[in-house]
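Note sheet for the following structure.
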Amino acid sequence: MSEPTVATTATPPAAPFVPQVLALVCERSVPIDELIGPDQRLRDAPQVYVLRFPCSGMIKPSLAQLALDEGWDGVLVVGCAVGDCHFREGNLWARERFLGGRAPNKFRRMDQQRVSLLWRAASEAGPFLSEVGSFCDHLRTLPPNLRSDDGKGRKRKR
Amino acid sequence: MSAQPIEAVERDDVLQPRHPYRRFLRSATRWQVAVERKVNELVSYEQNPFYFHGALPTFVFWMLIASGIGLLFYYKATLTESYESLVYLAKVPFGNCIRSSHRYSADAMLLAIYLHTFRVYITDRHREYRIVPWLTGVVLLLLTYVAGISGYMLVGDQRSWGLIHQSVQAFQAVPLVGDFLASQVLAGPDITDYTVARALFFHLLSAMAIFWFLWMHLLRIRRPFMIVTIGIGAAVVGVILMVAGLWPAGSYTPVVEPMHVPEAYEIGNWLYLPGFWLLSSAGPLAFWGAVVLLFGGLLMLPYLLRDTRRNIAMVVRDKCVGCQLCAIDCPYSAITMVPTWNERKKKPDLLAVVYPPRCSECGVCIGSCDFDAIELSSMPYRPIEDLVKELAPKREAPAEAAGD
Ligand code: HEM
Ligand code: SF4
Ligand code: SF4
């Protein structure tokens with residue numbers, strides 16, 4: 001699932017491409033309030049805008065899809081270590097929903113190049129930041145996200 | 001629209017903890033989680049005993065039931081025969097194995113419960129909507145002690161009579177009802193065959209009561225993790241059998257004259273019986289003080305810190321189509337489906353209803369609902385979506401791409 005035509009036809013941008021990333025973060029996982037500035041962006045990677053949720057189980061796959069439709073280059077979903085959800089099952093359900101195995105996101109798929117799921121604990125700010133870095137590096141190899149449809153040419157209905 | 005819809009909700013437990021105790025809990029949680037992640041690296045997360053904190057005592061409890069049934073076939077609950085029946089059991093094939101594994105499973109049970117209690121406490125999983133599991137858990141701990149102590153009273157050796165005499169002494173020190181309680185331990189004015197039967201009765205009653213309280217313990221928990229993996233189960237059984245093989249359970253010297261208070265006896269077990277050491281060295285007041293401190297302290301613990309609750313899930317009545325997905329996914333059984341009249345479809349239908357005391361404010365149900373019919377009361381989803389749209393990178397789409 002990629003965007004074949006866009007980048008090759010677009011004129012190469014003068015400034016280096018900085019992918020804009022939306023991070024949907026469970027507050028109980030990485031210590032996110034210590035990593036972001038007052039503008040809700042990661043201090044180490046200001047292209048990453050952070051939205052906090054009480055639990056990764058609250059993050060709807062449809063929100064990630066919406067972000068991609070609106071032109072965010074990548075979406076990070078961050079929850080607690082697998083097996084250790086503070087609310088017992090939130091990250092299990094989130095993982096299943098994002099992987100397309102659980103309602104309400106059953107059998108739907110999204111651009112797997114641009115969505116990354118991270119399961120990191122409260123003690124793992126360092127590994128989290130390096131994973132964010134490599135995700136941004138990965139996004140830089142992709143063309144900027146210019147689409148406003150669902151990838152199949154249809155306009156997304158909302 | 002406010003610029004930061006998420007910021008508007010200040011859930012005091014996670015955002016900028018001001019309370020020093022809250023800050024302590026938070027950093028303690030972080031340490032604990034760091035340890036658990038290290039364990040994940042050693043064995044995989046699927047075999048991490050910390051993640052089976054509730055399943056471990058459950059598993060060991062089943063081992064106790066199994067070996068206990070084995071013991072019941074041979075045990076004779078009388079003054080003279082209790083000791084002899086255990087001597088006989090040692091001659092039966094696997095007899096001592098059954099007895100020893102019962103004894104060491106009991107130790108493992110207490111260790112597993114303390115691990116469980118420690119983990120739910122240190123990771124801040126013991127308060128608010130978890131109050132029912134916590135309070136019934138304290139009762140479970142008490143019942144485990146009753147089962148363990150009454151179990152050591154059954155052996156028929158010097159220690160058994162020592163424990164009985166000391167319990168009588170401790171109960172007699174209780175004002176007003178002391179003599180009554182003491183006579184209940186003895187089942188009469190003195191140590192007789194009935195006393196042994198009474199100890200067996202308490203032993204089995206507390207085991208049954210553990211079942212009953214375990215049911216209450218898990219009432220509010222949807223799909224409790226109650227089964228350990230084969231790896232963990234094999235490790236637990238292996239360690240218990242190994243210890244049982246290396247140090248088979250034995251009895252101390254039998255006592256011909258149980259009415260006679262033994263001058264001194266060996267405590268032997270420091271998991272279940274330290275209270276009796278306290279009783280003999282510092283008297284009944286210190287003993288009851290320690291009991292009240294331990295169990296009263298555990299009962300009080302969740303009330304040290306209260307959250308201001310204002311983010312309970314709520315259902316938008318007109319949007320809910322009764323699909324039940326939220327009720328299935330809610331980890332704390334906080335959502336019930338009730339019959340209702342659906343005005344749009346003109347027919348009876350189901351409606352999700354949140355029972356607030358159970359709600360953990362986690363929002364898992366919001367992720368379940370495809371109809372935007374359930375919301376956290378202080379964190380509606382629509383502004384979040386608006387923000388995602390508003391902040392999306394606005395790029396000049398090249399003409400070719402726009403035509404796609
Ligand atoms: C006979 C001993 C016990 C057994 C067999 C037992 C078993 C369990 C099980 C199976 C769970 C569900 C775990 C999960 O699925 O996440 C649980 C949860 C819990 N237990 Fe126990 N428990 C025992 C004693 C205790 C004690 C002594 C306490 C504390 C005083 C306690 C406090 C809790 C709490 C607070 C929870 C809720 C945890 C959560 O919501 O994440 N339990 N227990
Ligand atoms: S998931 Fe939504 S629509 Fe389905 S029962 Fe729950 S609130 Fe109603
Ligand atoms: S927020 Fe929803 S899923 Fe979480 S406990 Fe409350 S009702 Fe259940």
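Quick caveat: nothing in here was measured; it's all calculated off a predicted structure. Sequence lines set the chain letters: A, B, ... in the order given, protein chains first and strands last, and positions in each chain run from 1.
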Which bit of [X] is near chain A, if near means a heavy-atom gap under 4.5 Å: side chain, backbone, both or neither?
| X | result |
| --- | --- |
| B/Glu36 | side chain |
| B/Leu325 | side chain |
| B/Tyr332 | side chain |
| B/Arg223 | both |
| B/Arg37 | side chain |
| B/Thr123 | backbone |
| B/Cys323 | neither |

Please name the pair of heavy atoms, one in [X] and one in [Y], separated by the smallest distance, quoted to 0.1 Å.
| X | Y | value |
| --- | --- | --- |
| B/Ala34 | A/Ser123 | CA-OG, 3.4 Å |
| B/Cys362 | A/Pro54 | O-CG, 3.6 Å |
| B/Arg119 | A/Asp84 | NH2-OD1, 2.6 Å |

For this session: Using non-hydrogen atoms and a 4.5 Å limit, figure out which bit of A/Cys85 sits close to chain B: side chain, backbone, both or neither.
Result: backbone
Problem set entry | Contacting moiety of A/Val18, where chain B heavy atoms sit under 4.5 Å | backbone
For this session: Return the option, out of B/Gln32, B/Glu46, B/Arg222, with the maximum number of heavy-atom pairs under 4.5 Å with chain A.
Result: B/Arg222
For a 4.5 angstrom cut-off between non-hydrogen side-chain atoms, does [X] reach [Y]?
| X | Y | value |
| --- | --- | --- |
| A/Arg97 | B/Ser368 | yes |
| B/Tyr51 | A/Val82 | no |
| B/Tyr45 | A/Trp119 | no |

Exercise. For chain B, which of A/Glu124, A/Arg88, A/Gln20 has the most heavy-atom pairs under 4.5 Å?
Worked result: A/Arg88
For this session: Determine the option with the most heavy-atom pairs under 4.5 angstrom with chain B, choosing from A/Ala94, A/Ala81, A/Pro61, A/Gly90.
Result: A/Ala81
Problem set entry | SB check A/Lys60 B/Glu375 (cutoff 4.0 Å) | no
Problem set entry | Cationic N near anionic O, under 4.0 Å, A/Arg102 to B/Asp329 | yes
Exercise. Looking just at side-chain N and O atoms, do A/Arg28 and B/Thr29 make a donor-acceptor pair shorter than 3.5 Å?
Worked result: no
Exercise. Do B/Tyr381 side-chain atoms and A/Met58 backbone N/O form a donor-acceptor pair below 3.5 Å?
Worked result: yes
Exercise. So, does A/Trp72 use its side chain to make a donor-acceptor pair with the main chain of B/Val388 at under 3.5 Å?
Worked result: yes
